[in-house]
Amino acid sequence: MILCDRRRFQIDGLDEPAIPRRSKQMKLSIPAPPDFNFKRTILSHGWCQLLPCRFDKERWTLRRVFDVGASRPIAATIRAAGKRIEIEVARKTLGKRASEKIVRDVRHMFRLDDDMSDFYQAVAEDPHFAWIVRAGAGRMLRSPTVFEDLVKTICTTNCSWALTEKMVAGLTNNLGLPSADGHYSFPSPEEMAKAPPSFYRDEMRAGYRAPYFKELADRVASGELDVESWIHSDLATSELTKEIKGVKGVGDYAAENLLKLIGRYDGLALDSWLRSKFARTHNKGRACSDKKITRHYARFGKWRGLALWCDMTKDWIEEQG
DNA sequence: GCGTCCAGGTCTACC
DNA sequence: GGTAGACCTGGACGC
C-alpha cells in the first residue's frame with residue numbers, strides 16, 4: 001500500500017456524519033485491563049477506518065455494525081468510560097444472546113483478554129521502547145472474525161490505502177446486511193460465496209484479486225477451510241504461515257500481518273510503508289535491506305513484530321504527561 | 001480530457 | 001531457491 005495515504009486518518013478525523021441519538025439506547029459495559037489504552041488500540045492501525053467500522057476522532061468513539069446471528073445486525077458505539085469500555089446500542093432492548101455476542105466481539109476486537117505482561121517485560125528495559133509500557137500500547141485492533149481480518153488484509157495488498165477503503169466499502173455496502181439505521185455489517189463467507197465473480201471485479205473493484213476473494217469465500221463457506229481455527233491453532237508459526245499462504249492473494253506480508261492480528265508476532269509484515277518509515281527513523285532516510293530491519297528488532301524474539309509496529313507508530317498519538 | 005508512467009504485493013513461469 | 005514479468009487500480013504528470 002502507499003504509505004502517505006495510509007496515515008490519512010490521523011489528520012482528517014471524522015469523515016462520517018454523526019448518527020442522531022435516539023431517545024432510548026441500551027448500554028453495555030465491560031471492565032478494561034489496567035494496562036489498556038483505548039486510544040492506542042483504536043489507532044493501532046488503519047482498521048478503524050474500514051467499514052463496517054466508523055471512527056469519530058472528535059468524540060473518540062468507534063461505531064460498528066455487529067452481526068448477532070439470526071436477527072438483524074445491530075449498530076453500536078464503543079467508547080472509553082474510565083476504566084471500562086461502554087457500548088451504546090441503538091436499541092431500546094437487546095436479547096441476552098445478542099448482548100453476549102456484542103460483548104464477546106468487542107472483547108475480541110480490543111483484545112481485552114490479551115496478557116501483555118510478557119511483551120511489556122521484553123521492552124521495559126530498553127530506553128527506546130519503555131514508552132510502550134507507559135503508554136499501554138501494543139494491542140492491535142482486529143475484527144470479530146479471522147475471516148474479516150483475512151479479507152481486509154488481502155484488500156491492503158498492492159494498492160493505496162484509498163483503494164483498500166474503496167474495496168472494503170464496496171464489499172460491505174453490497175453484500176453486508178443492513179442494520180436498523182441503514183449501515184451494513186461485514187458480509188459472511190456464505191454471503192460472499194453467493195456473489196458472482198463479476199461482482200468482485202466490477203462492483204468491488206478488486207481487480208486481479210477478484211478470483212481470490214471468490215475462491216476464499218467458496219472454500220470457507222463450504223467448510224473446506226476453517227480460518228477461525230487459526231486463532232487457536234497448535235501449529236508452529238512456520239507451519240501456520242504455510243497454511244495461511246495457501247490462500248490465493250496471501251504472500252509474506254499478508255500472512256505475517258494476519259498472524260499479528262491472530263496474536264503471533266514473530267514476523268515483521270514488512271511493506272513499503274514500514275520500510276520507508278524505518279529508513280527515515282533509524283537509517284538517516286536511506287533505504288536498507290530487510291535483513292537490517294530484522295536485526296534491529298531481533299532482540300525482542302517472538303515479540304519482534306509487535307515491537308517494530310509500536311516503534312513505527314509511536315508518533316501516531318501524542319503521549320500525555 | 002486524454003494518454004502515459006508508476007507504485008503497490010503476489011502469482012506464475014522459467015532458469 | 002531465486003528472479004522476471006504480469007496482474008489491476010488510482011494518482012501524478014505532461015500535453
Side-chain angles (χ1 to χ4, degrees), chain A residues 1-12 15 45-47 49-51 140 146-175 192 195-220 224-225 227 230 237-262 264-280 283 285-294 305 308-309 312-313:
Chain A
M1 68 180 78
I2 295 172
L3 258 294
C4 51
D5 289 333
R6 186 181 188 167
R7 290 192 55 203
R8 187 169 62 85
F9 69 89
Q10 298 169 65
I11 301 163
D12 290 351
D15 57 5
H45 59 134
W47 257 214
Q49 282 231 313
L50 297 178
L51 293 179
M140 295 181 73
V146 176
F147 177 73
E148 181 178 332
D149 278 337
L150 175 57
V151 170
K152 285 179 172 175
T153 295
I154 296 172
C155 287
T156 67
T157 59
N158 204 20
C159 65
S160 66
W161 183 249
L163 183 55
T164 297
E165 290 182 307
K166 188 173 182 176
M167 284 190 279
V168 174
L171 189 61
T172 305
N173 291 332
N174 285 289
L175 300 184
M192 283 181 62
S198 58
F199 164 79
Y200 296 97
R201 187 183 61 242
D202 302 332
E203 303 297 326
M204 185 183 171
R205 308 296 294 169
Y208 70 92
R209 306 168 196 80
Y212 303 161
F213 289 119
K214 177 64 177 168
E215 181 181 309
L216 172 63
D218 286 343
R219 291 179 67 194
V220 175
E224 178 201 331
L225 181 65
V227 298
W230 291 344
T237 301
S238 58
E239 291 302 309
L240 186 55
T241 302
K242 280 183 192 172
E243 189 168 329
I244 294 171
K245 286 173 75 173
V247 174
K248 287 276 185 65
V250 176
D252 289 335
Y253 152 75
E256 290 178 1
N257 187 65
L258 187 71
L259 282 164
K260 281 183 182 177
L261 298 176
I262 285 172
R264 302 198 193 201
Y265 306 99
D266 323 39
L268 300 184
L270 294 174
D271 64 2
S272 58
W273 181 80
L274 278 174
R275 292 183 179 102
S276 168
K277 185 69 184 287
F278 182 89
R280 278 181 276 129
N283 207 43
R286 295 193 302 269
C288 60
S289 68
D290 289 357
K291 284 184 180 176
K292 180 167 186 174
I293 301 175
T294 303
L308 158 75
W309 188 254
M312 296 294 95
T313 60

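Values below: all heavy atoms of this structure, side chains included; hydrogens, waters and symmetry mates excluded. Labels below follow one simple rule: chain letters A, B, ... track the order of the sequence lines, proteins then strands, and each chain is numbered from 1.
A/Val250 pairs in a side chain to side chain contact (heavy atoms under 4.5 Å, CB included) with only one of the listed residues (A/Thr157, A/Ile154, A/Thr241), which is A/Ile154.
How far NZ of A/Lys277 is from CG of A/Leu308: 10.5 Å, rounded to the nearest 0.5 Å.
The OH atom of A/Tyr253 sits 10 Å away from the C1' atom of B/dG8 (whole-angstrom rounding). To the nearest angstrom, P of C/dG1 lies 13 Å from CG of A/Asp252. When rounded to the nearest whole Å, the span between OH of A/Tyr200 and C1' of C/dC8 equals 18 Å. What separates NZ of A/Lys277 from P of B/dG8 is a distance of 16 Å, to the nearest Å. Spacing between atom CE of A/Met204 and atom C1' of C/dC8 amounts to 13 Å, rounded to whole angstrom units. If you take CG of A/Asn158 and P of C/dC8, they are 11 Å apart, rounded to a whole angstrom. Protein atom CG of A/Leu258 is 15 Å distant from nucleotide atom C1' of B/dG9, rounded to whole Å. Atom CD1 of A/Ile244 and atom P of B/dC11 are 13 Å apart (whole Å).
For the pair A/Lys245 and A/Ala255, the tightest heavy-atom approach, listed with the atom from each and the gap, is CG-CB, 3.7 Å. Shown here for A/Tyr253 and A/Leu270, the closest heavy-atom pair between the two residues is CB-O, 3.8 Å.
Distances shorter than 4.0 Å separate some side-chain N or O of A/Lys248 from OP1 or OP2 on B/dT12. The shortest distance between the side-chain N/O atoms of A/Ser272 and the OP1/OP2 oxygens of B/dG9 is below 4.0 Å.
The stretch residues 206-216 of chain A touches DNA chain C through A/Gly207, A/Tyr208, each having a heavy atom under 4.0 angstrom from the strand.
In this view, A/Phe278 and A/His282, A/Cys288, A/Ile293, A/His296, A/Tyr297, A/Met312 satisfy the side-chain contact (heavy atoms from CB on, under 4.5 Å) rule, not counting sequence neighbours.
Put simply, the side chain of A/Met192 does not reach to within 4.5 Å of the side chain of A/Phe199, judged on heavy atoms.
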